[in-house]
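Only this structure's heavy atoms are used, side chains among them; waters, hydrogens and symmetry mates stay out.
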Amino acid sequence: MAAVVLCAGKGTRMKSEKAKVLHPILGRPICAYPLKRALELGATSVVPVVGHQAEAVEKSVRALFPEAPLRFALQREQRGTADAVRSAEEALKGYSGRVLILYGDVPLLRRETLEALLAAHDQAGGKLAMVATTLEDPTGYGRVIREGGKVTRIVEHKDCTPEQRAVRECNAGIYSVDADFLWKALAEIKPQNAQGEYYLTDLVEMAAKLGPVGSVDADATETAGVNDRVELAARARVLQQRINEAHMRAGVTLLDPATTYIEEGVTVGSDTEVGPSVTLAAGTVVGKGCSIGQGSVLHASTVADGTVIKPYSVLEEARVGERNVIGPFSRLRPGTELAEDVHLGNFVETKKARIGKGSKANHLTYLGDAVIGSGCNVGAGTITCNYDGVNKHLTELGDGVFIGSDTQLVAPVKVGDGSYVGAGTTVTKNVPPGSLAVSRTPQVTKEGWVATKKARQAKARAG
């Protein structure tokens with residue numbers, strides 16, 4: 001099976017400088033969803049037909065599916081859907097088999113529906129099978145015309161007789177077509193409309209003359225496209241509801257599904273509880289028995305079993321071990337790797353930091369470009385001074401190190417196993433294992449200084 005996905009349209013109703021198919025829905029461009037469905041079905045060649053902003057669309061698609069069997073085709077002029085599909089002929093030259101035709105602005109189509117379409121094509125044994133949908137108000141849609149129960153053609157709304165307009169079965173425009181028939185039929189389609197455009201719907205009547213046309217019914221929501229930003233938001237809500245329901249049925253508790261944002265492809269283990277207004281973005285994997293607090297955002301991060309992430313924490317490309325306690329208001333930036341039983345508290349930020357088992361940094365701390373051993377305690381206000389204005393440098397703490405509050409660790413620097421660093425210290429030299437490092441300025445106390453100052457001030461005001 002090959003697939004052609006039409007991604008050439010401008011989408012003027014989006015009122016945007018960006019091509020319609022590149023507008024995001026749950027973190028991915030609209031066109032990513034039909035492309036992924038085709039790949040899931042095992043398509044050996046997938047041809048995105050590009051046109052408006054072709055280079056940008058191609059770049060985005062290749063970045064999303066770097067290993068996919070993609071062959072791009074260019075529709076130079078917007079002359080209708082049949083012309084768009086015909087643009088893919090060269091990309092599929094020599095291919096003999098079935099061609100699945102999808103649309104880049106239809107993100108809600110299910111894999112199961114496409115599998116049913118392919119099965120209907122097999123069962124009918126003809127040249128083409130199609131997806132239809134039944135609408136309460138079919139105004140504006142092409143009607144599926146049947147004779148004796150068999151599909152014979154599609155009639156556009158403006159061309160329907162009064163009897164045909166009463167038909168509620170409509171064409172969704174999604175087809176499975178034999179390749180040899182497809183290219184021959186497309187060459188015969190003529191623009192019989194005021195716009196001078198070539199329409200795919202003509203294929204149905206041509207195929208019906210050669211054999212049975214298979215059909216499968218799909219829900220109208222599933223086949224709905226995106227024409228403006230209102231519809232984009234509506235499709236996103238449907239997709240989000242599907243994803244959230246799937247997670248809940250798999251044993252995940254969503255305290256407020258209406259505000260929980262989970263992108264496609266995210267994995268969440270059973271007995272995990274997700275709070276309101278949480279975002280779990282692409283590439284995120286959460287283990288079993290975790291708790292993700294309100295307002296937290298996880299992007300491309302892995303969280304192992306039993307970890308608690310308290311409210312309003314942000315994880316970006318982080319790797320978190322089992323039974324960690326994170327937050328509230330923690331930020332774990334890319335390159336963060338936490339072992340088991342690590343505690344990072346409020347307003348703690350990490351970046352390229354590897355933190356060992358049982359270590360803690362509970363308050364107001366920055367740990368960047370750091371390797372921290374097991375069982376360490378990092379006091380409030382500690383920072384690793386990792387940047388000298390040109391290069392980043394590494395801070396290393398051994399096992400069992402105690403760092404007092406308000407410490408600056410000026411990298412590159414090492415603090416050996418079991419060492420203590422006193423509060424308020426600026427560490428500029430390596431600290432041997434088992435040592436105490438202190439660099440405080442001696443305290444000066446002047447007794448009676450306040451009373452003397454106030455007397456001076458009173459005298460100045462009186463004089």
Atom pairs and distances, side-chain donor-acceptor, residues 445-461, under 3.5 Å, sequence neighbours left out:
| unit_1 | atom_1 | unit_2 | atom_2 | d |
| --- | --- | --- | --- | --- |
| Thr445 | OG1 | Gln443 | NE2 | 3.4 |
| Thr452 | OG1 | Gly448 | O | 3.1 |

> So which pairs with a foot in residues 43-75 pass ring-ring contact (aromatic ring centres under 6.0 Å, His included), sequence neighbours left out?
Replying inline: none
> Got a second to check how far Arg235's CZ is from Ile30's CD1, nearest 0.5 Å?
Replying inline: 10.0 Å
> Does the pair Val401 and Asp399 meet the rule for a side chain to side chain contact (heavy atoms under 4.5 Å, CB included), with working shown?
Replying inline: CA-CA 6 Å; Val401 168; Asp399 295 338; over 6 Å; no
> Gly275 and Leu255: which non-hydrogen atoms are nearest, and at how many Å?
Replying inline: CA-CD1, 4.0 Å
>> Quick check on Arg13: does its CZ atom have over 12 non-hydrogen neighbours (other residues, nucleotides or ligands) under 6.0 Å away?
In response: no
>> Determine whether a donor-acceptor pair (N or O, by modelled atom type, separation under 3.5 Å) exists between the side chain of Thr425 and the backbone of Thr407.
In response: no
> Is Arg110 close to Arg242 at the side-chain level, that is, under 4.5 Å between some pair of heavy atoms?
Replying inline: yes
> Does the pair Arg143 and Glu169 meet the rule for a salt bridge (Lys or Arg N to Asp or Glu O under 4.0 Å), with working shown?
Replying inline: CA-CA 6 Å; Arg143 306 305 203 276; Glu169 186 181 18; over 6 Å; no
>> Quick one: does any side-chain atom of Arg37 pair with a main-chain N or O of Pro107 as donor and acceptor, under 3.5 Å?
In response: no
>> side chain to side chain contact (heavy atoms under 4.5 Å, CB included) for Glu273 and Ile292? Distances and angles first, verdict last.
In response: CA-CA 6 Å; Glu273 181 178 281; Ile292 313 296; over 6 Å; no
>> Between Ser296 (side chain only) and Lys310 (backbone N and O only), is there a donor and an acceptor less than 3.5 Å apart?
In response: yes
> Tell me, do Val5 and Val49 make a side-chain contact under 4.5 Å, heavy atoms counted?
Replying inline: no
>> Are the side chains of Lys360 and Val342 in contact, using a 4.5 Å heavy-atom criterion?
In response: no
> Could you state the interatomic distance from CG (Leu64) to CG (Leu70), rounded to the nearest 0.5 Å?
Replying inline: 10.0 Å
>> With a 3.5 Å distance limit and no angle check, can you tell me whether Thr272 reaches the backbone of Gly287 through a side-chain donor-acceptor pair?
In response: yes
> Are the side chain of Asn324 and the backbone of Ile326 linked by a donor-acceptor contact shorter than 3.5 Å?
Replying inline: no
>> Can you give me the closest heavy-atom contact between Thr133 and Asp219, atom names plus distance?
In response: OG1-C, 3.6 Å
> Under a 4.5 Å cut-off applied to non-hydrogen side-chain atoms, are Asn362 and Val348 in contact?
Replying inline: no
>> If you compare all heavy atoms of Thr260 against all heavy atoms of Asn244, which two are closest, and at what distance to 0.1 Å?
In response: O-ND2, 3.1 Å
> Among side-chain atoms of Asp137 and Thr139, is any donor-acceptor pair under 3.5 angstrom?
Replying inline: yes
>> Whether the side chain of Glu263 engages the backbone of Ala282 through a donor-acceptor N/O pair (distance < 3.5 Å, no angle test) should be reported.
In response: yes
>> Contact between Tyr33 and Leu239 at the side-chain level, heavy atoms closer than 4.5 Å - yes or no?
In response: yes
>> Looking at Arg331 and Glu316, is any side-chain nitrogen of the basic one under 4.0 Å from a carboxylate oxygen of the acidic one?
In response: yes
>> Restricting to non-hydrogen atoms, name the atom on Ala88 and the atom on Ala73 that form the minimum distance, rounded to 0.1 Å.
In response: CA-CB, 3.8 Å
> Roughly how far apart are Leu338 CG and Thr307 OG1, rounded to 0.5 Å?
Replying inline: 8.5 Å
> Is there side-chain contact between Leu6 and Leu102, with at least one heavy-atom pair below 4.5 Å?
Replying inline: no
> How long is the span from the SG atom in Cys170 to the CG atom in Leu135, to the nearest 0.5 Å?
Replying inline: 4.0 Å
> Does the side chain to side chain contact (heavy atoms under 4.5 Å, CB included) test come out yes or no for Thr223 and Val131, once each step is laid out?
Replying inline: CA-CA 9 Å; Thr223 60; Val131 176; 4.1 Å; yes
> Which pairs with one or both residues in residues 369-424 pass ring-ring contact (aromatic ring centres under 6.0 Å, His included), sequence neighbours excluded?
Replying inline: Phe402-Tyr420
> Do Gln75 and Asp83 have a side chain donor and acceptor closer than 3.5 Å?
Replying inline: yes
> At what distance, to the nearest 0.5 angstrom, does CD1 of Ile25 lie from CG of Leu108?
Replying inline: 6.0 Å
>> Using the ring-ring contact (aromatic ring centres under 6.0 Å, His included) criterion, which residues pair with Phe329? Sequence neighbours excluded.
In response: Tyr312, Phe347
> Are any side-chain N or O atoms of Tyr103 and backbone N or O atoms of Ile174, one a donor and one an acceptor, separated by less than 3.5 Å?
Replying inline: no
> Does the pair Thr384 and Asn386 meet the rule for a side-chain hydrogen bond (donor to acceptor under 3.5 Å, both in side chains), with working shown?
Replying inline: CA-CA 6 Å; Thr384 56; Asn386 56 328; 4.7 Å; no
>> As a test of understanding, state which of Asn346, Thr350, Thr382 forms a side chain to side chain contact (heavy atoms under 4.5 Å, CB included) with Thr365.
In response: Thr382
>> Can you confirm whether Arg354 is buried at CZ, in the sense that more than 12 heavy atoms of other residues, nucleotides or ligands lie under 6.0 Å from that atom?
In response: no
> Any salt bridge between Glu349 and Arg333, counting N to O under 4.0 Å?
Replying inline: yes
> Side chains of Val320 and Ser301: closer than 4.5 Å at any heavy-atom pair?
Replying inline: no
> Going by atom types only, do Thr426 and Gln408 share a side-chain donor-acceptor pair under 3.5 Å?
Replying inline: yes
>> I need the minimum non-hydrogen distance between Arg71 and Leu92, along with the two atoms involved.
In response: NH1-CA, 4.4 Å
> With Thr113, which residues qualify under side chain to side chain donor-acceptor pair (under 3.5 Å), at least two apart?
Replying inline: Glu222
> Would you say the side chain of Val252 lies within less than 4.5 Å of the side chain of Val274, judging by non-hydrogen atoms?
Replying inline: yes
> Which pairs with one or both residues in residues 274-288 pass side-chain hydrogen bond (donor to acceptor under 3.5 Å, both in side chains), sequence neighbours excluded?
Replying inline: none
>> Set out, in order, the CA-CA distance, both residues' side-chain angles and the distance that settles side chain to side chain contact (heavy atoms under 4.5 Å, CB included) for Ile309 and Leu298, then state yes or no.
In response: CA-CA 10 Å; Ile309 298 177; Leu298 280 65; 4.0 Å; yes
>> I'd like to know if the side chain of Gln53 and the backbone of Ala19 have a donor-acceptor N/O pair within less than 3.5 Å.
In response: yes
>> Rounded to the nearest 0.5 Å, what separates atom CZ in Arg28 from atom CG in Leu35?
In response: 11.0 Å
> So, does Asn171 use its side chain to make a donor-acceptor pair with the main chain of Gly142 at under 3.5 Å?
Replying inline: no
> Does a side-chain N-to-carboxylate-O contact under 4.0 Å join Lys93 and Glu89?
Replying inline: no
>> Ignoring hydrogens, what is the shortest heavy-atom contact between Cys376 and Gly398? Give both atom names and the distance.
In response: SG-O, 3.0 Å
> Donor-acceptor pair, Lys20 side chain versus Asn227 backbone, under 3.5 Å?
Replying inline: no
> Between Glu55 and Lys59, is there a side-chain N and carboxylate O pair less than 4.0 Å apart?
Replying inline: no
> Does the pair Glu264/Lys36 count as a salt bridge with the N-to-O cut at 4.0 Å?
Replying inline: yes
